[in-house]
Amino acid sequence: LGDVYKRQGKSSIVGALSNAKVNIAAFPFATSAPVPGMMKYEDVSIQLVDMPPITADYSAPGQVGTYRNCDLIAIVIDLSADVLDQVSICMEFLESRSLLVDAETPAHDGQGNALGKKAFCICTKSDIAEPDTLDNVKELIEHPFEFVEISVETGDGLEELTATFFRLLEIVRVYAKPPGKPVDMTDPFTLPIGSTVSDLAHVVHRQLAEKLRFARIWGTGVHDGQNAQRSHVLNDKDVIELHFGK
């Protein structure tokens with residue numbers, strides 16, 4: 001999460017959604033180093049990192065590398081402040097360093113190194129913002145971002161925000177069922193959308209994956225307990241029973 005000015009913005013968001021020991025202050029630049037915390041979306045844990053703010057002249061050492069290696073960038077805009085200034089600084093920082101996936105910047109270069117990232121915009125202080133401020137922010141940003149309007153003070157939009165994090169990460173939850181035992185629905189595996197039974201087997205046990213004999217599945221578009229091929233594409237909240245050979 002990165003913004004221009006602190007003003008109880010991103011640190012308050014991370015503090016409200018996670019267990020992070022953030023420094024919430026009424027003045028800018030209180031965050032001097034990345035602060036991680038774990039957020040829960042239903043039964044999935046998602047790591048949020050409160051990043052130091054940026055200005056037109058400064059970003060913290062290593063900040064670009066942190067963004068380059070994350071899964072999703074959240075741009076935090078304070079709707080009660082000068083949105084033009086904030087948007088200009090954030091977008092110049094991200095675009096000049098090729099940190100956003102677009103027509104010219106792929107997710108990885110020819111050597112597989114991480115380049116652009118998916119991003120969206122969190123617009124804070126909706127409870128005290130002037131009318132139409134969010135519309136002004138949308139007009140200022142040319143990228144096709146999603147926008148989530150929130151207020152940490154009132155709690156408005158926070159539930160939508162956690163769901164947006166999960167959806168934009170493009171992952172599915174899969175529950176592994178031990179043969180002959182009940183399924184544990186509290187601790188799912190998470191895989192990229194499009195992952196297969198074979199992909200799950202490698203995550204569960206890399207060394208045994210090649211010995212996968214067959215799998216049974218309960219979930220979307222299948223009959224309960226039907227056999228599933230290695231190439232079967234998994235859906236969110238599928239239950240899989242993997243059978244390995246010796």
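Bear in mind that the values here come from a model prediction, so they are computed numbers and not experimental data.
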Is there a donor-acceptor contact under 3.5 Å linking the side chains of Asp127 and Ser151?
-> yes
CD1 of Ile128 to OG of Ser80: how many Å apart, nearest 0.5 Å?
-> 4.0 Å
Separation between OG1 of Thr124 and NZ of Lys10, rounded to the nearest 0.5 Å = 11.0 Å
Should Leu17 and Ile46 be counted in the same cluster of Ile, Leu, Val, Met, Phe, Trp and Tyr side chains packed under 4.5 Å apart?
-> yes
Donor-acceptor contact below 3.5 Å, side chain Asp132 vs main chain Asp135 | no
Looking at Arg173 and Glu42, does any basic side-chain N land under 4.0 Å from a carboxylate oxygen?
-> yes
Side-chain donor-acceptor pair present, Thr196, Asp199, cut-off under 3.5 Å = yes
Would you give the length of the straight line joining atom OG of Ser45 to atom NZ of Lys40, rounded to the nearest 0.5 angstrom?
-> 3.5 Å
Please report the C-alpha distance between Glu153 and Lys125 in whole Å, then the side-chain angles of each, then the deciding distance to 0.1 Å, and finally whether the salt bridge (charged side-chain N to carboxylate O under 4.0 Å, His left out) criterion is met.
-> CA-CA 8 Å; Glu153 184 69 23; Lys125 295 196 176 181; over 6 Å; no
In terms of side-chain heavy atoms, does Thr55 have a donor or acceptor partner in Asp57 at a distance below 3.5 Å?
-> no
Look at the side chain of Asp238 and the backbone N and O of Asn235, then say whether any donor-acceptor pair between them is shorter than 3.5 Å.
-> yes
Side-chain (Arg68) to main-chain (Gln63) donor-acceptor, under 3.5 angstrom | no
Carefully, step by step, assess Arg216 and Ile240 under the rule side chain to side chain contact (heavy atoms under 4.5 Å, CB included).
-> CA-CA 6 Å; Arg216 299 174 67 204; Ile240 303 291; over 6 Å; no
Does the cation-pi check pass for Arg167 over Phe120, that is, NZ or CZ under 6.0 Å from the six-membered ring centre and within 45° of its axis?
-> no
Taking Ser96 for its side chain and Glu92 for its backbone only, find out whether a donor-acceptor pair lies under 3.5 Å.
-> yes
Do the ring planes of His143 and Phe145 sit parallel (below 30°), tilted (30 to 60°) or perpendicular (above 60°)?
-> parallel
Value rounded to 0.5 Å, distance of CG in Leu84 from CD1 in Ile89 | 9.5 Å
Please work out which of the three classes, parallel, tilted or perpendicular, describes the rings of His243 and Phe214, given edges at 30° and 60°.
-> parallel
